[in-house]
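Residue numbers begin at 1 in each chain, while the letters A, B, ... track the order of the sequences.
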Amino acid sequence: AQSVTQLGSHVSVSEGALVLLRCNYSSSVPPYLFWYVQYPNQGLQLLLKYTTGATLVKGINGFEAEFKKSETSFHLTKPSAHMSDAAEYFCAVSAKGGADGLTFGKGTHLIIQP
Amino acid sequence: DTEVTQTPKHLVMGMTNKKSLKCEQHMGHRAMYWYKQKAKKPPELMFVYSYEKLSINESVPSRFSPECPNSSLLNLHLHALQPEDSALYLCASSQSQQGDSTDTQYFGPGTRLTVL
């Protein structure tokens with residue numbers, strides 16, 4: 001079975017500061033990892049995904065994540081936070097890519113301080 | 001176009017009502033999903049359809065009945081729901097080339113369901 005753990009249910013950063021959202025995974029097979037963002041009263045939007053190959057993955061809106069097998073981590077970063085980044089962020093894992101659905105972490109609420 | 005549409009946006013129903021949620025995509029995707037998301041919680045997988053066949057049912061109560069009439073449409077029929085079933089119901093779709101591990105799921109905006 002696969003699972004992900006997101007450390008910190010709430011993260012607060014100042015506008016312009018580094019954003020770091022933590023995700024650790026547990027998987028008996030090579031995982032496929034995803035970060036999604038959810039704005040209030042909306043569906044989920046894919047930020048980026050790791051399948052195989054390059055361990056540093058670049059996504060939309062200036063976000064990137066690095067897959068570290070030795071640390072079983074897939075942390076999400078953005079060099080400079082913007083007010084529009086305030087949202088709920090979910091890390092998710094799948095054993096078979098899309099075919100088996102996604103298992104989500106509990107989410108991290110990102111707050112941007114002006 | 002990477003759009004998944006869901007109707008209605010909001011639904012209020014009584015415990016004795018029968019209603020349906022609808023999801024549609026025109027991206028040629030062959031896998032479609034239903035997730036349930038309670039307030040302040042992550043989405044939880046309910047059903048997966050692959051090539052119009054139900055492939056995963058995550059032990060969902062029978063008062064939820066999915067249907068995939070064709071490759072573009074996914075319905076969720078609701079009957080005799082309980083107040084604890086109130087949630088945001090999200091539909092997603094993915095291309096699902098069989099065995100393709102690089103699938104991306106595209107989510108609709110959801111239907112917010114309230115059961116009185």
Do the side chains of [X] and [Y] join up, straight or via other hydrophobic residues, at under 4.5 Å, putting them in one cluster?
X        : Y        : result
A:Leu110 : A:Leu20  : no
B:Val48  : B:Met32  : no
A:Leu56  : A:Phe67  : no
A:Ile60  : A:Leu18  : no
A:Phe74  : A:Phe104 : no

More than 12 heavy atoms of other residues, nucleotides or ligands under 6.0 Å from [atom1] of [X]: is that the case?
X       : atom1 : answer
B:Lys41 : NZ    : no
A:His10 : NE2   : yes
B:Glu44 : CD    : no
A:Arg22 : CZ    : no

Please report the shortest heavy-atom distance between A:Gly105 and B:Pro42, naming the atom on each side.
->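 Nearest heavy atoms, A:Gly105 then B:Pro42: O-CB, 3.0 Å.
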Of all the heavy-atom pairs spanning A:Leu44 and B:Phe107, show the shortest one and how long it is.
->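 Looking at all heavy atoms of both residues, the shortest contact is O-CB, 3.4 Å.
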[X] portion near chain B, given a 4.5 angstrom heavy-atom threshold:
X       : result
A:Gln38 : side chain
A:Leu46 : side chain
A:Tyr36 : side chain

Could you list which of residues 69-93 of chain B have a heavy atom closer than 4.5 Å to any heavy atom of chain A, in residue-number order?
->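 Hits under 4.5 Å: B:Leu88, B:Leu90.
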In residues 108-116 of chain B, which residues are in contact with chain A at a heavy-atom separation under 4.5 Å?
->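 So far as heavy atoms go, B:Gly108, B:Pro109, B:Arg112 are the residues that approach chain A to under 4.5 Å.
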Can you tell me how far the NZ atom of B:Lys9 sits from the CG atom of A:Asn41, to the nearest 0.5 Å?
-> 11.5 Å
Kindly compute the distance separating CZ (A:Phe34) from OG1 (B:Thr104), expressed to the nearest 0.5 Å.
-> 6.0 Å
Mark yes or no for whether B:Tyr35, through its side chain, and A:Gly101, through its backbone, hold a donor-acceptor pair below 3.5 Å.
->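 Absent.
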Within-4.5 Å side-chain heavy-atom neighbours: A:Phe90 and B:Gln37 | yes
